[in-house]
Amino acid sequence: MSYRALQLCSSGGAYEALPDRPVQLDLADVRGRAERAGRKVVDARVMLILPGEPEVTLTRGGKIVVKTRDAEAAQRSFQAMISLIESPTSPG
Amino acid sequence: MTKGIVLMSGGIDSPVAADMVLSRGHDLVAVHMDNRPFTDETPLEKVRDHLQLLEARHGRRLPLYVLPHGKTQVTLMRNTDRHVGCILCRRFMWRSAEKMAEREGASFLVTGEALGQVASQTLSNMRSATVAVRLPIVRPLIGFDKHEIEARAKELGTYAVSTRPGLCCQAVPDRPATRSRLLQIQGEEEKIDVDRILEEVVRHAELL
């Protein structure tokens, strides 16, 4: 799954990235992986919020929002989220 | 003069609306619906700075209640039609403000809404939201356009605060409804326990 470049959002309070092509993620699946990786997850059905420093939001349409103005921290969290999305689902 | 409750978001409009009501001599108590985790801490910081500017301008204290709204948003997202999420959200804001009015002995509510400015501010959606409460809602900016509001905000000094970097509400759907039918809205609310949610919100109200 490929993404457009991570960039500061229009209101300047966070970094965000959109997938290159339209997607519909299985958020329940991503949530399961995140929780198995020890992450706390707020599941709002149409989006997941992963609290932390920084907090990260993932929508069903694949949009990733990293709530920081620090570009390097945003990039790290973005990559971590991509890994979660792309990691294979473990059996049962 | 009477006392009102003003909903303050940290945006450009609400401090201008508050200033107009204060200028008429009424007292105001501010209510901020804290939307975290669908936003960050910046809206609350902006509201506090707006109130400081208004307090200095009008020479009186403006108490601020902060009410948790994030959990309500999660409940709405999980259980109701996303398309009308902004209207349902707005109805909870009004009900919360009305509860604070009861606590404060206030007799009206104030908002910075301007007709047609965003999806929740069409006539049909404002009606669907407004009927959730009994108190009158004062909308000093209803006929203003964005440029007029911004010009007033610049005069007040609140514009620079409102436009500082911050995070927009992440709970806004991609395609929010611009028209709504009250029956549909009420049907959506039947899927959740409105009274229990409201009770919890009000119980966690924090006076700053």
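Lettering follows sequence order; numbering is per chain, from 1. Keep in mind that what you see is a predicted model, and the values were worked out from it rather than measured.
- Heavy-atom proximity under 4.5 angstrom to chain B picks out A:Val65, A:Lys67, A:Arg69 from residues 61-79 of chain A.
- Here the CD1-CZ distance, from A:Ile49 to B:Arg36, works out to 12.5 Å after rounding to the nearest 0.5 Å.
- Smallest separation of non-hydrogen atoms from B:Asp40 and A:Gly13: OD2-O, 4.1 Å.
- Nearest heavy-atom pair, A:Met47 versus B:Gln170, reported as atom, atom and distance to 0.1 Å: CE-O, 3.0 Å.
- Closest of all the heavy-atom pairs between B:Val74 and A:Asp43 is CG1-O, 3.9 Å.
- The closest donor-acceptor contact from the side chain of A:Arg45 to the backbone of B:Leu76 lies at 3.5 Å or more, if one exists at all.
- The number of heavy atoms from other shown groups lying within 6.0 Å of CZ (B:Arg134) does not exceed 12.
- Around CZ of B:Arg181, the count of heavy atoms belonging to other residues, nucleotides or ligands within 6.0 Å does not exceed 12.
- Heavy atoms of other residues, nucleotides or ligands lying less than 6.0 angstrom from CZ of B:Arg179 number 12 at most.
- Taking a 6.0 Å sphere around CZ of B:Arg95, one finds it holds more than 12 heavy atoms contributed by other residues, nucleotides or ligands.
- When each of B:Leu167, B:Thr75, B:Thr163 is checked for heavy-atom pairs under 4.5 Å with chain A, B:Leu167 comes out on top.
- The side-chain heavy atoms of A:Thr57 and B:Phe38, taken from C-beta on, include no pair separated by under 4.5 Å.
- For chain B, the option among A:Ser10, A:Ser11, A:Gly12 with the highest count of heavy-atom pairs below 4.5 Å is A:Ser11.
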